[in-house]
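For reference, the structure discussed in these notes is given below.
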Amino acid sequence: MQKTYYDPADLKKFGNISDWNEELGKKFFDYYGKVFEEGALSEREKSLIALAVAHTIQCPYCIDAYTGDGLQRGITKAEMMEALHVAAAIRGGASLVHGVQMMNKVNKLDM
Amino acid sequence: MVTASLHKRKSDLANSKRQLEILSNGIFQSEDLPKFADKIAETSQFPLRSKTLEVLQINVGYMCNQVCEHCHVDAGPDRQEIMTKETMLQCLEVIKKTGAHTLDLTGGAPEMNPHFRWFVDEASKIGIKDFIVRSNLTIIKANKKFADLPEFFKSHNVHVVSSMPHWTQGKTDKQRGTGVFSQSIEALKELNAVGYGMPDSNLRLDLVYNPSGAFLPANQASLEKDFKKALLEDFNIHFHNLFAITNLPISRFLDYLIASDNYEDYMYTLVEAYNPEAVKNVMCTNTLSVSWDGYLYDCDFNQMLQLPVNSKVKHISEYNEYLLKGRPIAISQHCYGCTAGAGSSCQGSVT
């Protein structure tokens, strides 16, 4: 048994999930491929969104993959870090906006 | 920041034999990764053979005003290898009789060869269809004596191909040296001013992009779009096409890969991205590379690795296009750099 939960080498084996369910695996990877194709958003914009989401869900495989993908696309360090702050702002904001709920409750109960 | 060539630093990797050893040992010797010869044999493409010659690429010397971190030539101000006028005369004789449609001058900074202008003058009279000079841009700003290069190129209808690793200062200067970005921008403006790279202009100006690190270039067309948008919006600069070139694991880039502990991962990346379709169009099959001292190679990379052509004809003085055709190309594991993804050549992607 390996000593850590994550192994960078496992990222390359992502496709193996189809081995145990080919139909759903294929549908997922077809969908995945289609999502990242150029559309109303460019491939570059999608890559930055993926990087921000990767940090939000804290997926080490995704961070590895989309940092490399961003470098290949010529995405700069400044752009990458700004994308992360968007993720962090939404994440922090999601906690803080619930403060309104807290305030409503306090205001209702408090004399 | 690199300031001297591997040769000047007396690095182990200045020795091409040492580079070839590294490329054949380790992960390739242990068969963790297949050797290039075995890989192309899978699709019956071994041995790779040269076809009709289309591009004659002449390296007029390894001297350069820049010391780029990734340079496969190990070029720099300290390199003394410069093509003599005598060898240039032999090249001119070959240019007169070759069936190649493209003449491609490279270096180093080709403009630093003292006979460069004379050679361009003579070669342009022969009337080859596409006459390329690979100019690093900063040379135009390096010294007053180079300031008229845009006009010189224009008067000889030279096709200018220039390196531009990124549209932002940080990435460019990190790879090529402090100040390179702003000087390159100034040089591009001067080339635009005489008509180079302008929409509808016949004066061709193409840019070369190679990644500033241990990763592959993205799709050439989308990179070109990004470069065009950024250079136009930020600097009002125009150019025609972008060539996306993969860094090959030799010379200073190999040195960087090893020093940064990226060598094995990079070789895995190249092998995983192997594309048999790209093998069909690799440049060594339609190109011949001539070194500063007149010897013949399948490509500029093989020249730097001192892997000569597999032919009775070894030198420009004994040139014979008929005898050179169909020769088996000299290969090693660096060749994976030209077959990764969309493929890579001095003219960009090949698929």
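Computed from a predicted structure; not experimentally measured. Labels below follow one simple rule: chain letters A, B, ... track the order of the sequence lines, proteins then strands, and each chain is numbered from 1.
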Do B/Lys225 and A/Glu38 come close enough that some side-chain heavy atom pair is under 4.5 Å? yes
So, the part of A/Lys77 with a heavy atom under 4.5 Å from chain B: the answer is neither
Separation between OG (B/Ser222) and CD (A/Glu43), nearest 0.5 Å, reads 5.5 Å
Is the closest side-chain heavy-atom distance between A/Thr76 and B/His166 below 4.5 Å? yes
Please check if the number of heavy atoms outside A/Asn107 that lie under 6.0 Å from its CG is greater than 12. yes
Are more than 12 heavy atoms from other residues, nucleotides or ligands located less than 6.0 Å from atom NZ of B/Lys189? yes
Sort B/Leu223 into side chain, backbone, both or neither according to what part of it lies under 4.5 angstrom from a heavy atom of chain A. side chain
Turns out that what part of B/Phe227 lies under 4.5 Å from chain A's heavy atoms comes down to neither
Looking at A/Arg73 and B/Ala218, what are the two nearest heavy atoms and their distance? CA-CB, 3.8 Å
Atom CZ in A/Arg44, atom CG in B/Asn219: separation rounded to 0.5 Å? 13.5 Å
Crowding at CG, A/Leu11 (>12 non-hydrogen neighbours, <6.0 Å): yes
Side chain, backbone, both or neither: which part of B/Pro211 has a non-hydrogen atom closer than 4.5 Å to chain A? neither
With rounding to the nearest 0.5 angstrom, report the CG to CD1 distance, B/Asp226 to A/Ile75. 8.5 Å
